[in-house]
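Written out below as structure tokens is the structure these notes cover.
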2 protein chains.
Amino acid sequence: MLDSTSRKPDTRERLLELAESAVLAKGFAATSIDELVAAASISKSGFFYHFKDKGELAEAMMQRYIAHDKAVLDDLFQRADELNDDPLHGLLVGLKLFAEMMANLPEVHPGCLAASFCYQDQLFNKKIRDMNAASVLGWRKRFRARFDAIVAKYPPKQPVDLEALSDMAASNVEGGLILGRMLKDVTILPRQILLYRDLVRLTFQPS
Amino acid sequence: MLDSTSRKPDTRERLLELAESAVLAKGFAATSIDELVAAASISKSGFFYHFKDKGELAEAMMQRYIAHDKAVLDDLFQRADELNDDPLHGLLVGLKLFAEMMANLPEVHPGCLAASFCYQDQLFNKKIRDMNAASVLGWRKRFRARFDAIVAKYPPKQPVDLEALSDMAASNVEGGLILGRMLKDVTILPRQILLYRDLVRLTFQPS
DNA sequence: GGAACCAGTGTACCACGGGTACAGTTTGCG
DNA sequence: CGCAAACTGTACCCGTGGTACACTGGTTCC
């Protein structure tokens, strides 16, 4: 039986986890299958049982990463919406929760797999690049829907590029991750999120 | 004689240029010395005449990239300052020029080498990582100086995290580059820059 | 006009690691 | 028992980074 205390090691999942940290540290090409199987304590053949080649590993990594990313955001904004009915305040609360979550990480965030893949995209097939694009369009759509609700209630004083403002959620997180890593400073990302929150507030909140 | 019409091909520079595009497309590890020498039409020995190993190539690439990056920004803000004496308006003009420059690129920007290296930083030695950190601190310092001048003349209505606001210049560009690449949309980066400009304006401009 | 030097070429070689192929084996389960 | 899932073991090929070293064509200095 497979209950929560199952001894089943779920090798495939372990490989994906190991691969993700390695890729975020060294890039995909420099991440060797040998090092993954050594760390997972399986044989090289065992790897090829789970993934027919390295490309399939990449595909599974992206799938896993995107699903996890979506689940975190879904949960975050669901909690924010439970605290509030107003679309603007809901978003502001959500961004605050997001910033707090990122501030409470024990060490500097290891980075975004989508960004890593983006900067090595010639290594991957079209399917993977499309998944990547779809995931960032997911962020755009998610935030755009909220901004559409917000403008209906709080018409901005000046014209706003709502698509760019929606994209800035993802853009600013990606940038914050990079700066945080470069400077080894865990505070950069949460502060960038709060600054984005300020922009949203200044744009829509009646003064 | 070496004049401006010199036939001197400057092999080293060509190698660095080729390496930069290749690394931005595939990452450093996947960029082989053999492909570079083939593209530059020299022999492998020729490569090792210029760089003692691949690590030295990486170092030279970063040096070149950072110098170029600095030169572009210096030029940009020098032009902006010539148009204006006011610190706030000078920055706003500079950001507008920056956005226009990015909007006029013929195709989607190939990306930031510092970000690429950041996402593969375990491949590089401490010296290179330090150069990378120093370059982003350069952005912070540059913008922080401008904001310090701005707050003196335009005290903001609400407290502002000036360091985060300075970092956001780099952060938002990094993010805009990534989103632009992922979605193959050249308009994303300039619109992100204009949005950052809006935040600066909203933060300091008396209403 | 020869020596020194710059910017390479050509050839040969090696170790390592990624990746492929495929047959064989253990483990859990109905 | 029988079967499938989840592997193991072995053998092999090739690309890549890197070393070693002898050589060369052009330029400049004296």
Side-chain angles (χ1 to χ4, degrees), chain A residues 1-23 25-61 64 116-117 120 122-125 128, chain B residues 1-23 25-62 64 117 120-125 127-128:
Chain A
M1 65 183 287
L2 288 177
D3 60 17
S4 57
T5 63
S6 166
R7 304 286 161 266
K8 181 94 187 306
D10 205 346
T11 306
R12 188 187 150 96
E13 181 64 20
R14 248 169 54 237
L15 284 171
L16 289 171
E17 177 65 39
L18 287 163
E20 186 170 318
S21 358
V23 167
K26 304 184 299 190
F28 186 75
T31 297
S32 76
I33 295 175
D34 278 350
E35 83 182 81
L36 296 178
V37 302
S41 304
I42 62 165
S43 68
K44 203 168 175 176
S45 315
F47 174 89
F48 287 104
Y49 171 77
H50 289 290
F51 308 100
K52 81 172 217 286
D53 58 20
K54 220 184 170 192
E56 209 170 79
L57 170 71
E59 210 173 303
M61 287 173 72
R64 190 184 99 109
S116 170
F117 275 34
Q120 304 167 63
Q122 289 311 299
L123 299 177
F124 307 112
N125 60 33
I128 293 179
Chain B
M1 64 184 285
L2 288 176
D3 58 17
S4 58
T5 62
S6 167
R7 303 287 163 267
K8 182 92 186 306
D10 206 346
T11 307
R12 186 187 151 96
E13 180 64 20
R14 247 169 54 238
L15 283 170
L16 289 171
E17 177 65 38
L18 287 163
E20 186 170 317
S21 355
V23 166
K26 304 185 298 190
F28 186 75
T31 298
S32 76
I33 294 175
D34 278 349
E35 88 181 78
L36 296 179
V37 302
S41 305
I42 62 165
S43 66
K44 201 169 175 180
S45 316
F47 176 89
F48 286 104
Y49 171 77
H50 290 289
F51 308 100
K52 81 170 217 288
D53 59 20
K54 218 185 172 192
E56 210 169 77
L57 171 70
E59 210 173 303
M61 288 173 71
M62 266 317 288
R64 190 184 99 109
F117 275 34
Q120 305 167 63
D121 61 6
Q122 289 312 300
L123 299 178
F124 307 112
N125 59 34
K127 183 174 176 188
I128 293 179

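Values reported hereafter were calculated over all heavy atoms of this structure, with side chains retained and with hydrogens, waters and symmetry mates removed. Throughout, protein chains are lettered first and strands after them, A, B, ... in sequence-line order, and every chain is numbered starting at 1.
One N or O on the side chain of A:Asn125 and one on the backbone of A:Ile128 form a donor-acceptor pair closer than 3.5 Å. In this structure, A:Gln120 contributes its side chain and A:Phe28 its backbone to a donor-acceptor pair below 3.5 Å.
In this structure, the side chains of B:Glu56 and B:His50 stay at 4.5 Å or more apart for every pair of heavy atoms. Two residues are said to be in side-chain contact when any heavy atoms from C-beta on lie closer than 4.5 Å; B:Phe51 and B:Arg12 meet this criterion. No side-chain heavy atom of A:Ile33 sits less than 4.5 Å from a side-chain heavy atom of A:Leu57.
For the pair B:Phe51 CZ and D:dT19 C1', the interatomic distance rounds to 19 Å; values are reported in whole Å. With rounding to whole Å, B:Lys26 atom NZ is found 14 Å from D:dG15 atom P. With rounding to whole Å, A:Arg14 atom CZ is found 12 Å from D:dA6 atom C1'. Atom CZ in B:Phe47 sits about 14 Å away from atom P in D:dT16, given to the nearest Å. The CG-P distance, from B:Asp53 to D:dG18, rounds to 6 Å in whole Å. When rounded to the nearest whole Å, the span between CG of A:Asp10 and P of C:dT27 equals 19 Å. Atom CG in A:Leu36 sits about 10 Å away from atom P in C:dG19, given to the nearest Å. Atom CG of A:Asp34 is separated from atom C1' of D:dT10 by 14 Å (rounded to the nearest Å).
Contact check, B:Tyr49 against C:dA7: a side-chain N or O comes under 4.0 Å of OP1 or OP2. A sub-4.0 Å separation between OP1 or OP2 of D:dG15 and a side-chain N or O of B:Ser32 is absent. Proximity of B:His50 to the phosphate of C:dA7: no side-chain N or O atom is located under 4.0 Å from OP1 or OP2.
When distances run from any side-chain atom of B:Phe48 to the nucleotides C:dG17, C:dG8, D:dG18, the shortest one goes to D:dG18.
Here A:Arg14 contributes atom CZ and A:Leu16 contributes atom CG; the two are 11.5 Å apart, rounded to the nearest 0.5 Å. Here A:Lys26 contributes atom NZ and A:Ser21 contributes atom OG; the two are 10.0 Å apart, rounded to the nearest 0.5 Å.
Contacts between residues 38-45 of chain B and DNA chain D, counted as heavy-atom distances below 4.0 Å, involve B:Lys44.
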